[in-house]
Amino acid sequence: MSFFKNIFKKSKKKEIDYNNLPQHIAIIMDGNGRWARKRSLPRSVGHKEGAKTLKRITTFCGEIGIKYLTVYAFSTENWKRPKSEVDALMALLLEYLKNAETHIGGKDVRIKTIGDVSVFSDEIKKEIDRVTKLTGKNTGLELNIALNYGSRDEIVHAVKEIAREVAHGKIKTDDINEKMMIDKLYTSGVPDPDLLIRPGGEKRLSNFLLWQSAYTEFWYTDVLWPDFREEHIVEAILDYQNRNRRFGGI
Ligand code: IPE
Ligand code: IPE
Ligand code: MG
């Protein structure tokens, strides 16, 4: 049975048009808690499984030639969760970063973060620094991990920077344009996502990439993030490739 299942998966992968790949895929990694609850396990176990999924999906995206992968790992609103869950997520983040070289080893992945990471512990900040430097010269997939990320916070942060430049006489108010905003966002230098995937059944952005997703194609699935596999990415890409992106034109 699994033999046929594998053949099916492989043939689906072959259907991808490699000349029309989404350059940038964004994922809201949702559903870890429900995955654990369904098994009567603590939510932290769901997060652990979710971290495993992230590793395999990162590898797969790199292998098929995706250039940018942005994943929502911790939002500015996730601090509202019980301290025990936040602590478990922080411990998992630290572990993920500490072991970064083993799970991306030889895969040419460049790891970066988006969001206000200044609030994290010194230990986590040190690891973020280490991992971004360690992988900074890699030329394959760029993995952007959204940590303490909120799009509204990001936009406010960008507006403040521009306001400062106006106050210092560097630019005039009338010179403010979209390009300037884009350059001040945490995602500066990264093209807008072409495809945004949300597992876990919800159909909302939850404060993720509000500015950047103006023309992004959305794809949702009820599959929970810990159960999300390569075949689901393939399904999303195939669906994406059947869409007509008009960007307001005809
Ligand atoms: C996503 O899974 C992980 C984070 C938000 C950190 P959830 O923890 O939101 O899982 P559900 O949505 O409760 O199932
Ligand atoms: C979005 O998921 C944030 C992350 C996946 C990190 P949430 O579980 O926090 O979103 P809501 O609360 O369902 O909107
Ligand atoms: Mg959730």
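Owing to the predicted nature of the structure, the values given are computational and were not obtained by experimental measurement.
- Electrostatic pairing of Arg130 and Glu101 counts as a salt bridge here, judged by a charged N lying under 4.0 Å from a carboxylate O.
- The existence of a salt bridge linking Glu123 and Lys126 is excluded, since no basic side-chain nitrogen approaches an acidic carboxylate oxygen closer than 4.0 Å.
- Remark: Lys12 does not engage Glu231 in a salt bridge, criterion side-chain N to carboxylate O under 4.0 Å.
- By the criterion of side-chain heavy atoms lying less than 4.5 angstrom apart, applied directly or through intervening Ile, Leu, Val, Met, Phe, Trp or Tyr residues, Val119 is grouped together with Ile145 in one hydrophobic cluster.
- Residues His24 and Asp194 bring no donor and acceptor atom of their side chains to less than 3.5 Å of each other.
- Judged purely by distance below 3.5 Å, without hydrogens or angles, the side chains of Tyr149 and Glu154 pair a donor atom with an acceptor atom.
- In terms of heavy-atom proximity, Leu210 sits nearest to Arg152 at CD1-CG, 3.9 Å.
- Under a 3.5 Å cut-off, the side chain of Lys125 and the backbone N or O of Ser118 do form a donor-acceptor pair.
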inquiry  = Run the side-chain hydrogen bond (donor to acceptor under 3.5 Å, both in side chains) test on Thr139 and Asp108 for me, step by step, so that the C-alpha distance in whole Å, both residues' side-chain angles and the decisive distance to 0.1 Å come before the verdict.
reply    = CA-CA 6 Å; Thr139 55; Asp108 204 20; 3.2 Å; yes
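- Leu195 and Trp225 fall within the same hydrophobic cluster, defined by Ile, Leu, Val, Met, Phe, Trp and Tyr side-chain heavy atoms under 4.5 Å apart, directly or through other members.
- Here the closest heavy-atom approach between residue Met29 and residue Leu54 is recorded as SD-CD1, 4.0 Å.
- Considering CZ of Arg243 and CZ of Arg245, their distance stands at 9.5 Å, rounded to 0.5 Å.
- Here CH2 of Trp219 is found 11.0 Å from CD1 of Ile25. Values are rounded to the nearest 0.5 Å.
- Two different hydrophobic clusters hold Tyr220 and Ile233 under the rule that ILVMFWY side chains link at heavy-atom gaps under 4.5 Å.
- Counting all heavy atoms, side chain and backbone alike, Leu205 lies closest to Ser213 at CD1-OG, 3.9 Å.
- Between Glu142 and Lys67 no salt bridge is recorded (no basic side-chain N to carboxylate O distance below 4.0 Å).
- Salt-bridge check for Glu63 with Arg56: failed, with every basic side-chain N at 4.0 Å or more from each acidic carboxylate O.
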task = Would you check, one step at a time, whether the test side-chain contact (heavy atoms from CB on, under 4.5 Å) holds for Thr70 with Phe208?
result = CA-CA 10 Å; Thr70 301; Phe208 193 41; 4.0 Å; yes
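- Residues Asp192 and Trp211 have side chains that never bring a donor and an acceptor to within less than 3.5 angstrom of each other.
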request  = Check step by step if side-chain contact (heavy atoms from CB on, under 4.5 Å) holds for Met90 and Phe74.
outcome  = CA-CA 9 Å; Met90 293 305 135; Phe74 194 87; 3.9 Å; yes
request  = Could you give me the CA-CA distance, side-chain angles and deciding distance for Lys52 and Glu49, then say whether salt bridge (charged side-chain N to carboxylate O under 4.0 Å, His left out) is met?
outcome  = CA-CA 5 Å; Lys52 287 190 201 160; Glu49 284 302 310; 2.9 Å; yes
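- At a threshold of 4.0 Å, the pair Asp129-Lys133 counts as salt-bridged, since one of the basic side-chain nitrogens sits closer than that to a carboxylate oxygen.
- A donor-acceptor pair shorter than 3.5 Å cannot be found between the side chains of Asp87 and Ser84.
- Residues Arg110 and Thr132 have side chains that never bring a donor and an acceptor to within less than 3.5 angstrom of each other.
- In this structure, Gln23 and Ile66 approach most closely via the heavy-atom pair O-CG2, 3.8 Å.
- In this structure, the separation between CD1 on Ile124 and OG1 on Thr113 is 11.5 Å, given to the nearest 0.5 Å.
- Between Glu165 and Lys184, at least one side-chain N (NZ, or NE/NH1/NH2) sits under 4.0 Å from a carboxylate O, which counts as a salt bridge.
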